[in-house]
Amino acid sequence: MDDVNYQAEILEQKIKHIIITSSGRTSDAATIEEFYEALCIALREEIMINWTSTFKTVLEKKPRIVYFLSMEYLPGKLIGNNITNIGATELVKAVVAKMNRNFEDIIACECDPGLGNGGLGRLSSCFLDSLATLQYPARAYGLRYQYGIFEQEIWNGNQIERPDCWLLNTYPWEFRKDNESVNVHFRGTAKPAKNKFGDDVFLLEDYEEVRAIPYSIPILGYSERSDYSVLSLVLWSTKESPRNFQLQRYNAGFLEQAAENTSLTDVLYPNDNTEMGKRMRLKQEFLLVSASLQDIIHRHQILFGDLTNFADKVRIQINDTHPALVIAELVRTLTKNYDFSWKDAWETCKTCCSYTNHTILSEGLEEWNEHRVQDLIPRQFHVIQKINQEFCNRARGRFPGDEEKVRRLSILQNGQVKMSHLSIVGSHKVNGVAKLHTEILKTKLFKDFYDLHPEKFINVTNGVTHRRWLLHANPLLANFITRRIGKSWVRDFAQIQGLSAFASDPKSQEEFLEIKKKNKEALLSFLSRENPVRDEKGKIIAHSVTLDTSALFDVQIKRIHEYKRQLLSALHLIMIYHEILADPNAVSIKRFSIFAGKAAPGYHRAKQIIQLINALSRKFLTNPVIRDKLDIAFVENYGVSRAELIIPAADLSEQISIAGWEASGTGNMKLAMNGALTIGTEDGANIEMRQAVTDKWWPFRFGATAQENTQHYKSWDIYIQDQAIRKAIDSLKDGTFSTNSSEEKAFAEIHQNLIETDTFRVLKDLRPYYETQRKVEALFLQPKAWAETAIHNIAGMGTFSTDESIRRYAKEIWQIEPCPIDPQILAQVREEYSAHDRCKIKNNSH
């Protein structure tokens with residue numbers, strides 16, 4: 001206790017010192033924002049000791065390092081997670097309370113970094129947490145988006161996109177590193193030349209130069225001791241470099257051209273329905289690749305002096321197709337700048353690089369017009385041409401006479417550069433992210449590549465970091481678990497299986513239900529304050545929540561996309577609406593349906609689905625009989641912090657994508673480990689989750705399988721034959737839910753699509769979904785049986801931690817070993833810090 005008191009005194013004095021030196025105020029006069037920043041800086045000083053020690057240990061041990069390239073990260077607020085990971089939650093809360101501040105108010109000061117969109121970005125951040133916790137040598141790269149993807153508001157049911165101003169105030173966790181800036185070259189004229197081996201290389205003249213400035217963010221691993229590792233997430237920005245602004249073009253009146261390079265890192269995924277949007281996306285991807293590769297090579301030279309052992313010591317993970325150009329740029333750089341022959345450069349590339357495929361959607365399997373690639377990055381295009389020529393020749397040798405197969409394998413097809421093909425050809429391993437997904441890659445999407453190189457393909461099922469999504473996000477449930485099975489589950493999530501022994505215990509069931517109730521209360525409180533209803537001009541007109549904690553909290557939170565089938569949920573709600581209108585006693589439970597997610601700015605149908613969900617919510621509220629049984633909340637601007645409130649409160653997890661389309665899913669795992677039961681199709685990781693939990697405790701499986709979804713199907717037949725479904729669908733065009741011409745048009749288009757094409761098999765699965773929802777209602781009426789099932793689901797999630805995923809990547813793809821901080825280095829750095837700490841802290845016998 002004396003040690004804790006001493007630490008509290010040190011932290012308090014340090015916060016006071018920082019407030020005075022940075023704000024010119026005393027702590028009692030500081031604003032909440034100034035206090036928050038001072039607290040972060042005080043914590044950051046401690047973190048810097050371990051960050052420095054991690055780097056110095058790598059310098060000394062010289063291990064193989066993995067470099068992770070991703071266009072997306074969604075780390076969420078770092079202050080709470082960092083405090084959790086270093087075990088300082090109670091200490092910080094005590095100090096904050098002693099200084100007459102509210103801990104929750106301080107946490108609320110931090111914005112979620114706008115660095116991602118959905119599952120891909122959150123998975124990347126979970127990976128970094130596990131890499132740091134397991135102490136693997138790693139470094140991650142991304143882009144520092146000034147305005148995120150967008151901040152979502154709902155105006156009269158319509159999605160409105162606003163800039164995400166997460167950088168409006170100082171972000172205390174980032175470190176700008178101007179001395180590590182690099183130059184990236186676009187356009188220009190590629191002049192042919194030869195290297196010393198006689199291989200073709202290209203010099204670039206009259207190019208467009210862009211300066212990229214790195215910002216480093218510390219990523220903390222979890223440890224109950226003081227030896228936690230700290231990795232770096234490096235984010236590149238073009239916004240802050242004045243040389244990127246082309247003043248002459250500005251003065252000539254070409255405003256868009258003048259600002260194009262300063263705005264390269266303004267927004268994640270610029271709308272590519274325009275030529276400028278396409279150009280900006282490609283430039284973003286090459287910016288990430290070129291800047292990161294320059295940094296990777298520079299750091300390798302610091303460690304080893306030259307690149308002779310580059311292939312042995314470097315592993316580069318291509319996270320989805322966005323960073324695929326690293327393959328062409330690595331080969332070009334090695335042959336042009338570092339005296340590698342083409343053959344050695346190509347073998348080095350294949351040895352170093354590996355590729356994770358995250359989707360079978362065509363929009364995620366990027367293709368770029370050859371002319372656009374040649375115009376923007378001409379040297380790299382020449383490299384891609386040569387890679388493709390040699391690869392196609394090898395394929396012809398393997399499949400003589402099968403020119404059609406060679407054509408399908410080609411990186412260059414029909415005037416397009418297929419980035420997924422480039423990723424596969426240039427990598428030594430290609431992995432899917434769930435067993436079903438990997439089988440689809442091998443047997444359908446990339447079958448020709450699998451025929452050629454079956455040894456390349458491997459499955460690594462996704463996971464989530466349970467420390468963020470259970471220990472941090474749901475402390476009540478985390479404490480419930482620890483009191484029963486001990487705390488070892490925090491570091492070894494396989495231990496969670498021990499919780500199953502308590503599933504049938506009545507006291508555990510009652511406590512679980514009480515925890516769920518408290519989490520529901522917290523969510524309802526948030527929604528009543530922070531989730532407004534707005535009119536068509538954006539004016540807040542209400543904060544409507546009509547149901548209480550006794551309702552079933554039915555949750556579907558993910559980006560809005562047709563294959564994820566928010567529309568299936570909406571039609572089911574319409575069917576319930578009709579039932580209640582006909583007989584108020586037809587439905588035996590209250591249901592609170594919670595939707596959240598963003599639609600891509602150019603995705604018209606997804607925006608129509610948002611309109612429909614909000615129209616249903618409005619309609620239900622107008623009828624007192626309906627609103628006592630059925631309510632909808634569309635939670636605007638969904639992100640990590642809002643997920644941390646919604647997920648612990650969820651009773652039912654909607655994982656209802658069309659089977660064969662969802663690569664894995666990770667929201668399904670977060671919800672299940674927080675005690676929500678899953679209603680789900682046999683898609684993505686749902687299958688493996690069901691197998692882990694067992695069928696007995698996975699009661700809400702429904703729908704056609706991936707194989708069945710390949711068979712011919714006519715939605716019209718279901719529309720004609722099922723009266724309740726027909727009534728629900730026809731209500732989309734009879735004016736039941738629309739109040740203006742925009743809604744009439746949107747809902748009529750949805751109606752027409754459902755009965756004519758129904759690409760995503762919504763009607764095919766609607767009746768099975770409806771019947772399964774009846775089973776949900778029946779079990780929810782038995783609280784203790786529901787709690788028993790939920791506890792078994794939590795206990796079955798042990799293999800769905802990113803710790804397990806990362807161990808498999810490390811062993812089967814990267815072949816890297818943990819590199820924990822050297823205790824002597826940590827002691828030396830801590831001593832050096834303490835000896836030169838200039839804070840005027842009261843001397844103590846400790």
Side-chain angles (χ1 to χ4, degrees), residues 466 469-486 489 496-528 545-557 587-594 628-631 633 643-655 667-680 689 693-694 696-700 772-797:
H466 57 283
W469 293 105
L470 184 47
L471 179 66
H472 170 69
N474 198 343
L476 295 175
L477 184 58
N479 184 50
F480 168 89
I481 294 168
T482 298
R483 283 189 285 107
R484 284 160 176 80
I485 65 172
W489 65 271
I496 199 70
Q497 64 184 341
L499 192 65
S500 63
F502 298 89
S504 58
D505 171 40
K507 289 186 178 179
S508 294
Q509 293 168 2
E510 290 172 7
E511 186 178 345
F512 171 82
L513 292 170
E514 184 61 27
I515 289 168
K516 186 64 71 173
K517 181 181 178 182
K518 289 179 180 178
N519 287 331
K520 287 180 174 183
E521 289 170 348
L523 176 60
L524 290 174
S525 174
F526 169 81
L527 293 177
S528 66
V545 174
T546 63
L547 297 181
D548 57 29
T549 58
S550 65
L552 174 79
F553 278 38
D554 180 0
V555 170
Q556 190 170 15
I557 44 175
V587 176
S588 54
I589 68 167
K590 294 185 284 188
R591 183 184 295 261
F592 184 29
S593 290
I594 301 168
D628 286 344
K629 288 287 186 78
L630 196 58
D631 192 12
E644 289 172 347
L645 282 166
I646 297 170
I647 288 172
D651 292 311
L652 188 66
S653 167
E654 299 271 357
Q655 307 301 328
N668 47 5
M669 303 168 190
K670 296 165 195 164
L671 284 154
M673 64 177 58
N674 276 274
L677 300 188
T678 301
I679 181 168
M689 290 169 63
V693 171
T694 75
K696 180 179 181 180
W697 304 112
W698 191 269
F700 307 138
T772 307
Q773 286 281 11
R774 285 294 197 192
K775 296 180 183 178
V776 171
E777 294 169 7
L779 188 60
F780 193 69
L781 289 170
Q782 306 171 62
K784 289 191 175 182
W786 183 281
E788 181 180 14
T789 308
I791 292 170
H792 275 296
N793 273 254
I794 297 169
M797 290 297 106

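Across all non-hydrogen atoms, the minimal contact from A473 to P648 is O-CG, 3.6 Å. Nearest heavy atom pair, residue L523 against residue A649, reads CD2-CB, 3.8 Å. Here the shortest heavy-atom pairing between I794 and I496 reads O-CG1, 3.7 Å. Nearest approach of S508 to R484, heavy atoms of both residues: OG-NE, 2.9 Å. Between V693 and M797 the shortest heavy-atom distance is CG2-CE, 3.7 Å.
Within the 3.5 Å criterion, the main-chain N or O of E521 finds no donor-acceptor partner in the side chain of S525. In this structure a side-chain-to-backbone donor-acceptor pair under 3.5 Å is missing from H472 to E644. Using modelled atom types, one side-chain atom of K516 and one backbone atom of A650 make a donor-acceptor pair closer than 3.5 Å. No donor-acceptor pair under 3.5 Å is formed between the side chain of K775 and the backbone N or O of P699.
Counting heavy atoms from C-beta outward, M669 and W469 have side chains that stay 4.5 Å or more apart. Between E654 and I679, the closest side-chain pair of non-hydrogen atoms falls below 4.5 Å. Counting heavy atoms from C-beta outward, I515 and N479 have side chains that stay 4.5 Å or more apart.
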Distance-only donor-acceptor hits, side chain of residues 779-792, under 3.5 Å, sequence neighbours excluded:
{"unit_1": "Q782", "atom_1": "NE2", "unit_2": "A778", "atom_2": "O", "d": "3.3"}
{"unit_1": "K784", "atom_1": "NZ", "unit_2": "E510", "atom_2": "OE2", "d": "3.4"}
{"unit_1": "T789", "atom_1": "OG1", "unit_2": "A785", "atom_2": "O", "d": "2.8"}

- Carefully, step by step, assess M673 and L477 under the rule side chain to side chain contact (heavy atoms under 4.5 Å, CB included). CA-CA 10 Å; M673 64 177 58; L477 184 58; over 6 Å; no
- Message: Let's go through I481 and L470 carefully: what are the C-alpha distance in whole Å and the side-chain angles of both, what is the deciding distance for side chain to side chain contact (heavy atoms under 4.5 Å, CB included) to 0.1 Å, and is it a yes or a no?
- Response: CA-CA 10 Å; I481 294 168; L470 184 47; 3.8 Å; yes
- Let me see the working for I646 and F526 under side chain to side chain contact (heavy atoms under 4.5 Å, CB included), right down to the final yes or no. CA-CA 10 Å; I646 297 170; F526 169 81; over 6 Å; no
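To the nearest 0.5 angstrom, F553 atom CZ is 7.5 Å from L547 atom CG. The structure places CD of Q556 at 10.5 Å from CG of L671, a figure rounded to the nearest 0.5 Å. Between atom NZ of residue K670 and atom CG of residue N474 there is a gap of 14.5 Å, rounded to the nearest 0.5 Å. The CG atom of L499 sits 9.5 Å away from the CZ atom of F512 when rounded to the nearest 0.5 Å. The NZ atom of K590 lies 8.0 Å from the OG1 atom of T549; values are rounded to the nearest 0.5 Å. Of the inter-residue distances, the one linking N793 atom CG with N674 atom CG reads 12.0 Å to the nearest 0.5 angstrom.
Looking at D631, D651, D554 one by one, the single match for side-chain hydrogen bond (donor to acceptor under 3.5 Å, both in side chains) with R591 turns out to be D554.
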